[in-house]
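Just below is one structure, and these are the notes that go with it.
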Amino acid sequence: MEKTWRWFGPNDKITLDMLRQIGVEGIVTALHHVPNGEIWTLEEIEKLRDMIEAHGMRWSVVESLPVCEAVKYGGPDRDGLIEKYKVSLANLGKAGVKTVCYNFMPVLDWARTDLDYPNGDGTTNLYFSRAEFAYFDIHILKREGADKDWDDATLVRVAELAKDMTPEREAKLVENIVIKTQGFVNGNFSEGELNPVEKFRELLKLYDGVDKEQLRANMKYFLEAIMPVCREYGINMCVHPDDPPMAVFGLPRIVTCDEDIEWFLNAVPDEHNGLTFCAGSLSAGAHNDVPALALKYAPRTWFVHLRSCDVLPNGDFKEAHHLAGRADIISLVRTFERVKPGLPMRVDHAMQMLGDEKMGYNAGYSFHGRMLALGQVEGVMATVAREISEEKMQNA
Ligand code: DNO
């Protein structure tokens, strides 16, 4: 696997020089300064590519080229937006950047309720409390019918939370769910948003009447429209699974499980239509057998996120150490190295440790924590490479 790292561009406090020193080979990034829906020009792409190459690495993966909401809900302006998307893809292809990650999650990109949940040893991780998320849905967003979408056990927890909720804790939840997790991934919300909750409600309205079948049809429409450009320029599209892998806010989600992945791969059966195997997002769903999914979908995977979650009996999940949790990263590396060697891989979110927490890094994207995780995964990769070469020698 190629050792890659998500870098947020020239303003990232973690510099390309630092990444070179820790053995990173490829960079995962985006033109973060270009607003969603606008064309990525060849000039801007080449500028960033050249900067990365001047530091001895390559621009391996785009994460993300965002798909606008109107394409997802199927608004009247979607064809114009898709045309622009195609121009951006062609420009990326011309510049030799050929792996493109995107997602098809309505309104909200990834979700967490707690960004510095203590591990008990002085480090912290990201955490998703089902109860706090439901509290946000029912009591802050005040979405109509929200209480019917949550199970009884979660509603009991929500009622407990409501007893000693404070305006400060509510504000923190809004900040974590809507701003801190979304602001840096070119989602719908940015730092300094004046009324994020109201904006959230407006965005939800756009999806009135869009059910799972409709969202699937819109994804198929988008993929069919862009495939000719992908074929022409050798671009491999890889959708990021929904995080967490379940329906939220009454919105459909369509990349959550085996059946979903099978559906979108078969709906547009072109090798350029593929998957970002985000082991973290998939392992956050107790319904997913992550090693089995890797075995099944490695041939259509173009990019791998190595991260692992523990799911608690109450439905909460916590990001685990990279060598622990449900994802079973050792087994995943074995599968990918055997079935599709050389795939770009980045360690995903990691702990905050040894001063990371004072640096103001983007949520999940610490330096020391990710560096440690990369070292662990590198060790797994080297061990698996040895296993494979020994097997080959024995079979020769
Ligand atoms: C969060 C990320 C996601 C991901 C996008 C891909 O840390 O995994 O924001 O980059 O969903 O489009």
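Just follow the structure's listing: the first ligand is 1, and inside any ligand the first atom is 1. Hydrogens, waters and symmetry mates are skipped; everything else that's a heavy atom, side chains included, is used.
Listed by number with element, the atoms of ligand 1 under 4.0 angstrom from any heavy atom of His349 are 1 (C), 7 (O). Per-residue contacts place Met105 under 4.0 angstrom from the following atoms of ligand 1 (heavy atoms of the residue considered): 11 (O). Here is the list of ligand 1 atoms found below 4.0 Å of a heavy atom in Ser64: 5 (C), 6 (C), 12 (O).
Both tests do not hold together for Arg216 against Phe264: distance to the six-membered ring centre under 6.0 Å, angle to the ring axis within 45°. Annotation: cation-pi pair Lys318/Tyr117 absent, no NZ/CZ under 6.0 Å from the ring centroid and within 45° of its normal. Taking the centre and axis of the six-membered ring of Trp40, the NZ or CZ atom of Lys84 falls outside the cone set by 45° and 6.0 Å.
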Which side-chain N or O atoms in residues 229-236 pair as donor and acceptor under 3.5 Å with protein atoms at least two apart or in another chain?
{"unit_1": "Arg231", "atom_1": "NH1", "unit_2": "Asp270", "atom_2": "OD2", "d": "2.4"}
{"unit_1": "Asn236", "atom_1": "OD1", "unit_2": "His272", "atom_2": "ND1", "d": "3.1"}

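Counted by atom type alone, Asp316 and Tyr127 present one or more donor-acceptor pairs between their side chains at under 3.5 Å.
Of the protein's heavy atoms, His240 NE2, 3.3 Å lies nearest to atom 8 (O) of ligand 1.
The shortest N or O to N or O distance between Glu63 and ligand 1 is below 3.5 Å.
Heavy atoms of Arg6 found under 4.0 angstrom from ligand 1 belong exclusively to the side chain. In Tyr102, the part holding a heavy atom less than 4.0 Å from any atom of ligand 1 is the backbone.
Between Arg58 and the choices Glu25, Glu2, Glu53, the side chain to side chain donor-acceptor pair (under 3.5 Å) rule is met once, by Glu2.
The closest heavy-atom contact to atom 3 (C) of ligand 1, among the options Asn103, Val185, Asp109, comes from Asp109.
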